[in-house]
Asks: 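Take this structure, written in structure tokens, and hold onto it; I'll ask about it next.
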Amino acid sequence: MKLQNITYSIPWNLFLITLGSIILGIGLKAIVIPNGMITGGFSGAGILLFYYTQLFTPGIWYFILNIPVFILGWLFISKRFLFYSLYGAIVLTLAIDFIWFEIPVKDLVIASLAGGTIIGAGAGIVFRSLGSAGGNDIISIILHQKFSIRIGTYNFSFNFVLFLFSFGTLDTDLILYSMAMSYITSQVIEYFITLFNQKKMIFIISNNPGQIADEIMKKLRRGATFLKGEGAYSGKEKNIILTVVNTFQIKRIEEIAFTIDPDAFLITENTFNVLGKGFSKRKVY
């Protein structure tokens with residue numbers, strides 16, 4: 001079975017959601033809650049309700065908040081994404097409530113760093129699947145599809161209101177540390193999302209484009225496309241090579257190009273959303 005087919009299989013996606021949700025739950029139960037902090041999103045809202053009421057558990061509050069969200073999700077998003085997300089919400093609920101140990105971190109600076117890193121890692125692994133852990137992910141997708149509201153804009157607004165309501169319940173220092181932790185979480189999530197997905201788009205201008213393109217396709221097994229260009233000074237028409245590779249192949253591209261044409265000109269750009277043959281397909285919600 002091809003790797004691309006495995007990544008779209010049900011067992012692989014359930015594995016990612018399970019692993020990510022457990023790691024996320026460890027961050028919440030072993031670091032955030034023992035230190036009296038909160039996170040962003042529905043998990044943070046559940047923790048805040050737990051602090052306010054002392055009823056139920058943070059995990060149960062999280063699941064209760066998700067009930068109306070999944071009702072809306074049934075109406076507006078794909079059933080595959082919804083079922084994966086329901087599974088993720090259940091696993092995260094169980095992880096929050098059944099993880100019994102604490103990571104003995106008392107310094108709030110270290111707690112913010114550790115909590116943000118662990119929660120971000122867990123959430124990032126979940127985001128690598130075809131589902132989510134419920135909560136804000138579903139609402140943000142609905143708002144984006146129906147009203148073109150950017151996902152990041154909604155998440156920022158939700159977290160801003162959440163932290164605003166936490167004043168009066170938590171110490172100001174705890175709120176500020178929690179906000180810092182949420183920022184760290186977002187950065188770690190972004191890192192995990194791009195960790196195995198970052199690609200490099202390379203343009204090569206050379207007097208030997210055909211030979212360079214042949215070597216790229218033969219040695220690196222990557223496709224290449226000729227773009228028609230014209231030198232602004234010389235007025236000569238040129239075939240400009242466009243190819244997309246992973247970060248480990250950049251030096252190989254440079255070696256091929258400059259071995260064939262020492263005067264070649266290369267432009268390398270980061271790109272994070274490469275779709276089509278040989279690359280991942282877009283997640284469909």
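Keep in mind that this is a model prediction, so the values were computed, not measured.
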Asks: By the ring pair (Phe, Tyr, Trp, His ring centres under 6.0 Å) test, which pairs, at least two apart or in different chains, include something from residues 36-67?
Replies: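 Listed by first then second residue: F42-F158, F56-W61.
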Asks: Please examine the side chains of L14 and Y87, heavy atoms only from C-beta on, and report whether any two atoms are closer than 4.5 Å.
Replies: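 Yes. Closest side-chain heavy atoms under 4.5 Å.
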Asks: Suppose we screen for side-chain hydrogen bond (donor to acceptor under 3.5 Å, both in side chains). Which residues come up paired with N136, at least two apart in sequence or across chains?
Replies: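 In terms of side-chain hydrogen bond (donor to acceptor under 3.5 Å, both in side chains), with neighbours along the sequence ignored, N136 is linked to Y154.
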Asks: Around atom CD of Q54, are there more than 12 heavy atoms of other residues, nucleotides or ligands at under 6.0 Å?
Replies: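 Buried by this count: over 12 neighbours within 6.0 Å.
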Asks: Measure the spacing between CG of L220 and CD1 of I253 and express it to the nearest 0.5 Å.
Replies: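 If we round to the nearest 0.5 Å, L220:CG and I253:CD1 are 5.0 Å apart.
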Asks: Got a second to check how far T39's OG1 is from L162's CG, nearest 0.5 Å?
Replies: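 T39 OG1 to L162 CG: 7.5 Å, rounded to 0.5 Å.
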Asks: Can you tell me if K29 uses its side chain to pair, donor with acceptor, with the backbone of I99 under 3.5 Å?
Replies: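 Yes; at least one donor-acceptor contact below 3.5 Å.
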Asks: Please list, chain by chain and in numerical order, all residues satisfying side-chain hydrogen bond (donor to acceptor under 3.5 Å, both in side chains) with K106, sequence neighbours excluded.
Replies: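 Scan of K106 (side-chain hydrogen bond (donor to acceptor under 3.5 Å, both in side chains), adjacent residues dropped) gives none.
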Asks: Is the CZ atom of F226 crowded by more than 12 outside heavy atoms at less than 6.0 Å?
Replies: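 Result for CZ/F226: enclosed.
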Asks: Taking L266 as the starting point, is it possible to reach M217 by hopping between hydrophobic residues whose side chains are less than 4.5 Å apart?
Replies: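 As far as the 4.5 Å side-chain criterion goes, L266 and M217 are not connected within one cluster.
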Asks: Cluster question for you: counting only ILVMFWY and a side-chain heavy-atom cut-off of under 4.5 Å, with indirect links fine, are V161 and I47 together?
Replies: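 Yes, it is one cluster - the side chains of V161 and I47 are joined through contacts under 4.5 Å.
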Asks: Report the distance from atom CD1 of I26 to atom CD1 of I119, rounding to the nearest 0.5 Å.
Replies: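 Nearest 0.5 Å value for the CD1-CD1 distance: 11.0 Å.
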Asks: Please enumerate all residues that pass ring pair (Phe, Tyr, Trp, His ring centres under 6.0 Å) together with F160, with sequence neighbours excluded.
Replies: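 Testing F160 for ring pair (Phe, Tyr, Trp, His ring centres under 6.0 Å), a comparison that skips the adjacent residues, returns none.
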Asks: What's the shortest heavy-atom distance between L65 and A45, and which atoms?
Replies: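 The pair with the smallest heavy-atom distance is CD1-CB, 3.8 Å.
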Asks: Applying side-chain contact (heavy atoms from CB on, under 4.5 Å), run through N207 and K238 and close with a yes or a no.
Replies: CA-CA 8 Å; N207 292 322; K238 290 180 176 290; 2.9 Å; yes
Asks: What distance do I103 atom CD1 and I31 atom CD1 have between them, rounded to the nearest 0.5 Å?
Replies: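 Reported to 0.5 Å precision, the distance equals 4.0 Å.
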Asks: Looking at residues at least two apart in the chain, or sitting in another chain, which of them share a side-chain contact (heavy atoms from CB on, under 4.5 Å) with T172?
Replies: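 side-chain contact (heavy atoms from CB on, under 4.5 Å) check on T172 returns F167, L176.
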Asks: Do you know which two heavy atoms are closest between I256 and I212, and how far apart they sit?
Replies: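 Shortest heavy-atom separation between I256 and I212 comes out as CG2-O, 4.1 Å.
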Asks: With distance as the sole test, does D261 use its side chain to make a donor-acceptor pair with the main-chain N or O of D263 at under 3.5 Å?
Replies: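 Side chain of D261 to backbone of D263, a donor-acceptor pair under 3.5 Å: yes, one is there.
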Asks: Treat each ILVMFWY residue as a node, draw an edge where side-chain heavy atoms are under 4.5 Å apart, and state whether L227 and I205 are in one component.
Replies: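 Cluster IDs for L227 and I205 match.
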Asks: Would you name the heavy atoms of I241 and A224 that are closest together and state the gap between them?
Replies: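 Answer, listing the atom of I241 first, then A224: CG2-CB, 4.1 Å.
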Asks: Check step by step if side-chain contact (heavy atoms from CB on, under 4.5 Å) holds for I204 and I216.
Replies: CA-CA 11 Å; I204 305 174; I216 290 172; 4.0 Å; yes
Asks: Looking at S206 and A264, would you say the former's side chain and the latter's main chain have a donor-acceptor pair under 3.5 Å?
Replies: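 No: the side chain of S206 does not pair with the backbone of A264.
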Asks: Of all heavy-atom pairs between T185 and G116, which one has the smallest distance, and what is that distance?
Replies: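 In this case the closest contact between T185 and G116 is OG1-CA, 3.3 Å.
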Asks: Quick one, I175 with M179, criterion side-chain contact (heavy atoms from CB on, under 4.5 Å). Give me CA distance, side-chain angles, the key distance, then yes/no.
Replies: CA-CA 6 Å; I175 298 172; M179 294 172 68; 4.2 Å; yes
Asks: State, with a plain yes or no, whether a side-chain heavy atom of I202 is found less than 4.5 Å away from one of L242.
Replies: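 They are not in contact (no side-chain heavy atoms under 4.5 Å apart), so the answer is no.
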Asks: Taking all heavy atoms of I96 and all of G25, pick out the closest pair and write down the distance.
Replies: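 Where I96 meets G25 most closely, the heavy atoms are CG1-CA, 4.4 Å.
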Asks: Which heavy atom in D107 sits nearest to a heavy atom in V109, and how many Å separate them?
Replies: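 Taking every non-hydrogen atom into account, OD1-N, 2.8 Å.
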Asks: Strictly distance-based, threshold 3.5 Å: is any side-chain N or O of N239 a donor or acceptor partner for the main-chain N or O of P209?
Replies: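 Absent.
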Asks: Begin from the C-alpha positions of L130 and R80 and carry the test side-chain contact (heavy atoms from CB on, under 4.5 Å) through to its verdict.
Replies: CA-CA 8 Å; L130 294 177; R80 181 185 66 177; 3.7 Å; yes
Asks: Is it true that a side-chain atom of S178 and a backbone atom of L174 form a donor plus acceptor pair closer than 3.5 Å?
Replies: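 Present.
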Asks: Taking everything shown except I10 itself, do over 12 heavy atoms lie less than 6.0 Å from its CD1?
Replies: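 Counting other residues, nucleotides and ligands, CD1 of I10 stays at 12 neighbours or fewer.
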Asks: Could you state the interatomic distance from CG (L49) to OG1 (T169), rounded to the nearest 0.5 Å?
Replies: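 The distance works out to 10.0 Å.
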Asks: Report the residue from L82, V69, I138 that forms a side chain to side chain contact (heavy atoms under 4.5 Å, CB included) with W74.
Replies: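 So the option named by the test is L82.
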Asks: Output yes when a side-chain donor or acceptor of N35 lies under 3.5 Å from a complementary backbone atom of M37, and no otherwise.
Replies: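 It does not hold such a pair.
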Asks: Check whether the side chains of N270 and K199 place a donor and an acceptor atom closer than 3.5 Å, and report yes or no.
Replies: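 No.
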Asks: Are Y183 and I38 in one and the same hydrophobic cluster, where Ile, Leu, Val, Met, Phe, Trp and Tyr link if side-chain heavy atoms are under 4.5 Å apart?
Replies: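 Cluster IDs for Y183 and I38 differ.
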Asks: Determine whether I139 and F165 fall in the same hydrophobic cluster, where Ile, Leu, Val, Met, Phe, Trp and Tyr are linked whenever their side-chain heavy atoms lie under 4.5 Å apart.
Replies: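 Yes, it is one cluster - the side chains of I139 and F165 are joined through contacts under 4.5 Å.
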Asks: In chain order, what residues pass the side-chain hydrogen bond (donor to acceptor under 3.5 Å, both in side chains) check against N155, with sequence neighbours excluded?
Replies: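 With neighbours one apart ignored, the set is empty.
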Asks: Would the distance check show the side chain of S140 and the main-chain N or O of D137 forming a donor-acceptor pair, the cut-off being under 3.5 Å?
Replies: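 Answer holds: yes.
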Asks: Can you find a heavy atom in the side chain of E237 that is under 4.5 Å from one in the side chain of K228?
Replies: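 E237 vs K228: side chains apart.
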Asks: Drop me the distance from T268's OG1 to E254's CD, to the nearest 0.5 angstrom.
Replies: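 Interatomic distance, T268 OG1 to E254 CD, rounded to 0.5 Å: 6.0 Å.
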Asks: Can a donor-acceptor pair be found between the side chains of N13 and S129 at a distance below 3.5 Å?
Replies: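 No donor-acceptor contact under 3.5 Å links the two side chains.
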